[in-house]
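Accompanying notes for the structure given below.
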Protein chains: 2
Amino acid sequence: MGGTPPDFESLLLLTLVAELGSLGQAAERMGISQPAASKRLAMLERRLRLALVDRGSRGSVLTTEGKAVCQWSERVLAEMESLMAGVAALRADRDDDLRVASSMTLAEHFLPRWIGALRQRSPDVRVSLKVTNSEQAAAMAGRGEIGMGFIEAPAVPPGLSSRQVGADRLVVVVAPNHPWARRRLPVEPAELARTPLIVREPGSGTRETLERILTGIDVEPARPLMVLDANAAIRAAVVAGVGPAVLSVITVREELADGRLLEVPVAGVELHRRLHAVWPKGRRLTGSAQELLSIASRRRRARATSVRES
Amino acid sequence: MGGTPPDFESLLLLTLVAELGSLGQAAERMGISQPAASKRLAMLERRLRLALVDRGSRGSVLTTEGKAVCQWSERVLAEMESLMAGVAALRADRDDDLRVASSMTLAEHFLPRWIGALRQRSPDVRVSLKVTNSEQAAAMAGRGEIGMGFIEAPAVPPGLSSRQVGADRLVVVVAPNHPWARRRLPVEPAELARTPLIVREPGSGTRETLERILTGIDVEPARPLMVLDANAAIRAAVVAGVGPAVLSVITVREELADGRLLEVPVAGVELHRRLHAVWPKGRRLTGSAQELLSIASRRRRARATSVRES
DNA sequence: CCCACCCATAACTGCAGGTTATTACCTCAT
DNA sequence: ATGAGGTAATAACCTGCAGTTATGGGTGGG
């Protein structure tokens with residue numbers, strides 16, 4: 001019923017037609033011939049079973065449906081661009097100008113975009129990205145192996161300069177059929193500590209933050225229900241009903257929004273935390289590192305001024 | 001240098017391998033044979049020039065790079081799913097249970113997700129979506145042609161029941177090379193009114209809100225610099241340096257974040273506005289309309305409690 | 001030790017997506 | 001009117017990628 005999803009080239013073609021107002025020009029921009037573009041677009045319309053563009057003899061213009069699909073396509077393409085920027089940065093060679101290490105959560109949600117923005121304004125700088133956990137990233141920054149690290153640890157390790165680039169919050173999440181989903185009262189920290197949870201491996205910022213919170217209570221913490229080394233895997237396990245987990249709200253935004261996961265309030269403990277850029281203390285930031293830092297912090301400033309923008 | 005972007009199926013395959021831990025099982029889930037999956041993945045790795053999975057004889061596990069790419073892929077796939085949900089809803093037949101109309105801004109950024117969530121929990125309801133502007137959507141709701149409308153007008157028209165489902169803010173944006181980008185002082189409303197702007201067509205919520213603000217000042221408003229009927233087109237024009245525009249911050253989030261556009265502060269006028277669901281007054285909401293409304297407002301509640309989550 | 005499961009390779013096939021060449025159409029200017 | 005210059009669609013052909021089945025090489029558990 002849903003049909004097969006369209007391919008990225010077709011979506012790009014649609015956006016180009018919207019921008020340029022002509023199939024032929026869009027084809028040229030994509031480096032293909034006009035008939036190829038014509039066929040592609042016809043194919044796309046057939047697959048979606050929607051009339052997307054009105055072909056006039058004086059150019060083509062998107063239909064109302066076409067405009068909507070075009071906007072949605074742009075979002076898909078933007079994510080794809082982020083992915084490609086991230087992939088390019090993962091391909092670390094030794095001849096790159098700026099080497100960056102990052103915790104998983106930050107790498108997943110922010111770094112491709114930042115790196116993409118950096119490449120966009122200085123296309124010739126080569127940035128490489130190493131994805132680890134907060135502990136490792138901080139250690140690499142401390143040893144000077146990298147130009148900049150991005151961490152989500154509760155405290156910035158000594159010997160590092162730092163600057164806050166964002167904030168997030170940990171949430172306790174369960175599947176909708178979990179007993180906690182029907183609670184009216186918040187969970188007490190002691191109860192949370194006694195409950196086996198699905199957690200990340202030691203060293204990850206998420207786990208460190210959680211343990212720091214729970215050790216404040218004089219309750220023997222329960223053994224983990226399951227240890228997984230990727231936020232996505234934990235998220236999938238919670239959705240599948242394996243048990244509760246504590247995750248960054250960033251990583252479960254979608255699931256909370258559409259009801260696949262529910263947030264369980266926790267009484268009295270502060271689950272906010274800050275995201276930091278760190279670099280070796282006293283080191284003069286190179287041009288590109290400086291630029292990346294300013295991109296990361298500009299984003300933060302922009303967010304601070306906008307009220308519930310998305 | 002960047003290489004061609006990977007195709008959708010390969011990204012899905014990667015996420016399935018991550019989830020299931022085996023190429024063969026992932027292949028089965030996708031409805032293809034195991035060798036096909038093997039070849040696809042090898043192809044993907046060759047194109048990205050990254051080792052994504054460690055093949056052991058007792059299953060396959062993602063490498064560190066693979067995990068990162070997998071996470072980014074999930075974001076691409078999520079946007080693609082939204083697109084497909086929206087496309088399915090655009091394909092209006094006359095035998096659908098719930099007909100929805102929406103302004104462009106809301107349709108672009110929220111409705112596919114909401115409709116997707118609705119379909120996910122009640123897969124058999126058929127939802128159709130008509131994308132217009134706020135004025136039209138409100139009128140259709142008033143005439144009872146649709147079960148629910150989503151509008152961004154400054155005021156809810158009389159004769160409609162409504163509920164707030166979100167909020168956003170209008171911003172004045174310019175390209176980085178525009179004179180206003182270097183201003184230190186905010187723009188005065190009178191100056192904004194005198195300046196030719198790139199605007200949407202009359203009837204759009206964005207334009208109505210803008211005009212309502214500017215008519216408060218006793219200055220003859222300048223004629224529009226350009227009238228375009230899509231937010232994306234306006235955005236592209238501003239980026240290209242055609243001139244300033246006033247847009248919803250939602251639609252220029254990316255561009256503000258990576259510096260392609262700059263926000264120009266405006267002195268003294270309130271540019272916030274509310275996003276509303278509307279339906280014919282007194283009409284009892286049907287089950288699916290009720291459900292959609294609760295999805296839309298739940299999202300809002302979740303946002304209200306989360307602090308700078310994204 | 002063998003079975004069960006993992007994955008890769010080989011040889012073959014089909015079709016999607018590209019090309020060039022050509023046609024049809026509309027609009028505008030002469 | 002009429003030709004020029006733009007638009008898009010169609011036809012015929014070619015290539016190669018993605019799928020298939022068949023097979024073989026690993027490795028770990030009963």
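Letters A, B, ... mirror the listed sequences (proteins, then strands); counts begin at 1. Note that these values count all heavy atoms, side chains included, but never hydrogens, waters or copies made by symmetry. Because the structure is a prediction, the values reported are computed rather than measured.
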Given the rule in the side chain to side chain contact (heavy atoms under 4.5 Å, CB included) test, do B:L20 and B:R29 qualify, once you have shown the distances and angles that lead to the verdict?
CA-CA 9 Å; B:L20 302 171; B:R29 184 75 73 88; 3.3 Å; yes
For B:R40 and C:dC7, give me the distance from atom CZ to atom P, rounded to whole Å.
17 Å
What are the two closest heavy atoms between B:V69 and A:L83, and how far apart are they?
O-CD1, 4.3 Å
For DNA chain C, whose closest nucleotide is more 5', that of A:Q34 or that of B:S22?
B:S22
Which residues, if any, of residues 10-19 of chain B bring a heavy atom under 4.0 Å of DNA chain D?
none
Here the pair of heavy atoms bringing B:K130 nearest to B:M140 is CG-CE, 4.2 Å
Which atoms form the tightest heavy-atom contact between A:E255 and A:T251, and what is the distance?
OE1-O, 3.9 Å
Closer than 4.0 Å, any side-chain N/O of B:S38 to the OP1 or OP2 of C:dC7?
no
NZ/NE/NH1/NH2 to OD/OE distance under 4.0 Å, B:R99 and B:E145:
no
In whole angstrom, what separates A:R46's CZ from D:dA9's C1'?
15 Å
Between B:R55 and C:dC6, is there a side-chain N or O to OP1/OP2 distance below 4.0 Å?
no
Have a look at the helix from C:dC7-D:dG24 to C:dT30-D:dA1 and give the angle its two end axes make, five pairs each, rounded to 10 degrees.
30°
Euclidean distance, atom CD of residue A:E28 to atom C1' of D:dT7 [Å, nearest integer]:
14 Å
Go through A:R235 and B:E74 one step at a time and tell me if the salt bridge (Lys or Arg N to Asp or Glu O under 4.0 Å) criterion holds.
CA-CA 12 Å; A:R235 196 173 51 199; B:E74 281 176 359; 2.5 Å; yes
Between D:dA8 (C1') and A:E45 (CD): distance, integer Å
12 Å
Is atom CD of B:E9 surrounded by more than 12 heavy atoms (other residues, nucleotides or ligands) closer than 6.0 Å?
yes
So which atom in A:S102 and which in A:A137 form the shortest heavy-atom distance, rounded to 0.1 Å?
N-CB, 4.2 Å
Any side-chain heavy atom of B:M80 within less than 4.5 Å of one from A:P6?
yes
Check this for me: does any side-chain nitrogen of one of A:R119 and A:E81 sit under 4.0 Å from a carboxylate oxygen of the other?
no
When you check every protein heavy atom under 4.0 Å of nucleotides 24-30 of chain D, what one-letter string (B, S, -) results, 5' to 3'?
---S---
Can you tell me the distance, in whole Å, between the CG atom of A:L41 and the P atom of D:dT10?
12 Å
Looking at B:S60, does any N or O in its side chain come under 4.0 Å of the phosphate oxygens OP1/OP2 on C:dC7?
yes
Pick from B:R55, B:K39, B:R40: which one makes a salt bridge (charged side-chain N to carboxylate O under 4.0 Å, His left out) with B:E45?
B:R55
Non-hydrogen side-chain atoms of A:L210 and A:T206 separated by less than 4.5 Å
no
Might you work through the salt bridge (Lys or Arg N to Asp or Glu O under 4.0 Å) test for B:E135 and B:R207, ending with a clear yes or no?
CA-CA 11 Å; B:E135 190 177 55; B:R207 175 143 176 193; over 6 Å; no
Within 6.0 angstrom of B:R260 CZ, more than 12 heavy atoms from elsewhere
yes
What protein N or O atoms touch nucleotides 13-16 of chain D N or O atoms at under 3.5 angstrom, if any, and at what distances?
none

To the nearest angstrom, how far is B:Q25 atom CD from C:dA4 atom C1'?
13 Å
Starting at CG of B:L13, measure out to CE of B:M30 and round the result to the nearest 0.5 Å.
5.5 Å
Nearest whole angstrom, please: distance from the P of D:dC17 to the CG of B:D7.
12 Å
Applying side chain to side chain contact (heavy atoms under 4.5 Å, CB included), name anything that partners A:P244, two or more places apart in sequence or on another chain.
A:V174, A:H178, A:W180, A:T195, A:L197
Can you confirm whether the side chains of A:N231 and A:T105 place a donor and an acceptor under 3.5 Å from each other?
yes
Please report the distance, rounded to the nearest Å, between CG in B:L20 and P in C:dC6.
10 Å
Contact list (N/O, under 3.5 angstrom) for nucleotides 13-16 of chain C vs protein:
none

